[in-house]
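Beneath this line is the structure, given in structure tokens, with notes to follow.
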2 protein chains.
Amino acid sequence: MRADAKANHDHLLVVAGTVITEHGVDASMRDIARRAGVGLATLLRHFPTRESLLEAMLRTSFDELTTKAAEVETTSPPADALLAWLRDFVACTTNYRGVVTSMVNAIEDPESALHDSCVTMRAAGTRLLTRAQAAGAARTDIDGADLFALAASLAWLGDQPALEPRVERLFGVVMGAVLVKG
Amino acid sequence: MRADAKANHDHLLVVAGTVITEHGVDASMRDIARRAGVGLATLLRHFPTRESLLEAMLRTSFDELTTKAAEVETTSPPADALLAWLRDFVACTTNYRGVVTSMVNAIEDPESALHDSCVTMRAAGTRLLTRAQAAGAARTDIDGADLFALAASLAWLGDQPALEPRVERLFGVVMGAVLVKG
DNA sequence: ACCTGAACACCGTTCAAGT
DNA sequence: ACCTGAACACCGTTCAAGT
């Protein structure tokens, strides 16, 4: 990649982060290009789809979450590890309003740029769930995809201004149903 | 209202129901007008906002849900009544993809055409919850707004093609956390 | 290699002109 | 009273032309 192209690429990611934090995942691509000082066509050549832009923007956060999952798996008791990681997952996706819906739409579409990240996230959560189930700390009649769906629904709650204040408590209610009282 | 206007009004509601069932709540207003055989401006004079169209389209279903709430309150045990009504609420909103998000956005905005319907739904659910709590059948550390949020999050799950097959089971998981084992 | 303006087919809003 | 076409400012997609 040429130096000027690389500069555009990186700057676009920074600006996209700002604009999407402000306006959510459906922010205008034209607006992102405008605020980055490049033509719309330039943005679209770097990131041909909205999802490819999202993927690039979120990659760092997703990598951190994957690392974190491996970490808590060895340092925390099963139930604590699961809860802590899910809390981070929900907090991370809630940073960008609407992104959890894009992720959920991508999980069964291998063509989507977000597909791999979603599968990785679900697998990380599944490992923590399986570990908790093996320790008798989580109910065994749900699987990793169920857990992913519940986490996504809590992230969606966090995206709604009218419901956001209740997410923390509802996180406790829902996860209380996943964990086995011990 | 003039007879031709009344005919347009009613026909627009039928067509809107079809189009929104197919394409979700963000369906093109132009498309609805086109398929109803009227100009876009005519649709917009009958229903000046998307939410006013949604409200008119959903009014019948909402009225039925309100009636149903009063009904089960007198005919079913508290826990059964609560579960049955919530199941109907989720099924009803899931008929039109995305509508639950519009409702949630409207609940704190008195200007929205959907506001009153949402408040009514939440109140109906709250009554059933309070009754269950008084009977010792539901946990007492959540309120009607929490219940509304949980129901909305389950309806959102039902809107996502990749997650919809899990809604029924997850409904059981989440509501199992609301009810007190007896 | 990389960038861009312009044409295109959409969208919802608004309103002057028609019946 | 009620309806409508057209102008407007947006949107994302595409591509020929420029550096």
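Side-chain atoms are counted along with the backbone in the values below, which use heavy atoms only and exclude waters and symmetry mates. Naming: A, B, ... by sequence-line order, numbering from 1 per chain.
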Please check if the side chain of B:E51 supplies one atom and the backbone of B:A106 the other of a donor-acceptor pair under 3.5 Å. no
Any salt bridge linking A:R59 with A:D63? Criterion: basic side-chain nitrogen under 4.0 Å from a carboxylate oxygen. no
Take atom CD of B:E164 as the centre, draw a 6.0 Å sphere, and report whether it contains more than 12 heavy atoms from other residues, nucleotides or ligands. yes
Check every strand shown and say whether A:H9 touches a base, only sugar-phosphate, or nothing at a heavy-atom separation below 4.0 Å. nothing
Does the plane of the ring in B:F47 sit parallel, tilted or perpendicular to the ring in B:H9? Use 30° and 60° as the thresholds. tilted
What is the nucleic acid contact for B:A5, judged by heavy atoms within less than 4.0 Å: base, sugar-phosphate only, or nothing? sugar-phosphate
Considering heavy-atom distances to DNA chain C, does B:L44 or A:T42 have its closest nucleotide positioned more toward the 5' end? A:T42
Between B:D159 and B:R97, is there a side-chain N and carboxylate O pair less than 4.0 Å apart? no
Pair B:E73 + B:R131, salt bridge at N-O below 4.0 Å: no
Taking the basic N atoms (NZ, or NE/NH1/NH2) and the acidic carboxylate oxygens, is any pair closer than 4.0 Å for B:R35 and B:E22? yes
Under 4.0 Å between a side-chain nitrogen and a carboxylate oxygen: does that hold for A:R122 and A:D143? no
Taking the nucleotide of DNA chain C with the closest heavy atom to each, which residue, B:R34 or B:R2, is nearer the 5' end? B:R34
Separation between CD of A:E168 and CG of A:L154, rounded to the nearest 0.5 Å: 11.5 Å
For DNA chain D, find the residues of residues 14-30 of chain A with a heavy-atom distance under 4.0 Å and give them by number; none if there aren't any. A:A27, A:S28, A:M29, A:R30
Run through DNA chain C and report every stem of 3 or more consecutive Watson-Crick or G-U pairs, distances under 3.5 Å, ordered by first number. C:4-8 with D:12-16, C:12-16 with D:4-8
Are B:N8 and B:H11 packed together at the side-chain level, in the sense that at least one heavy-atom pair is separated by less than 4.5 angstrom? no
At a heavy-atom distance below 4.0 Å, which nucleotide of DNA chain D is the first touched by chain A, and which is the last? D:dC11 to D:dC15
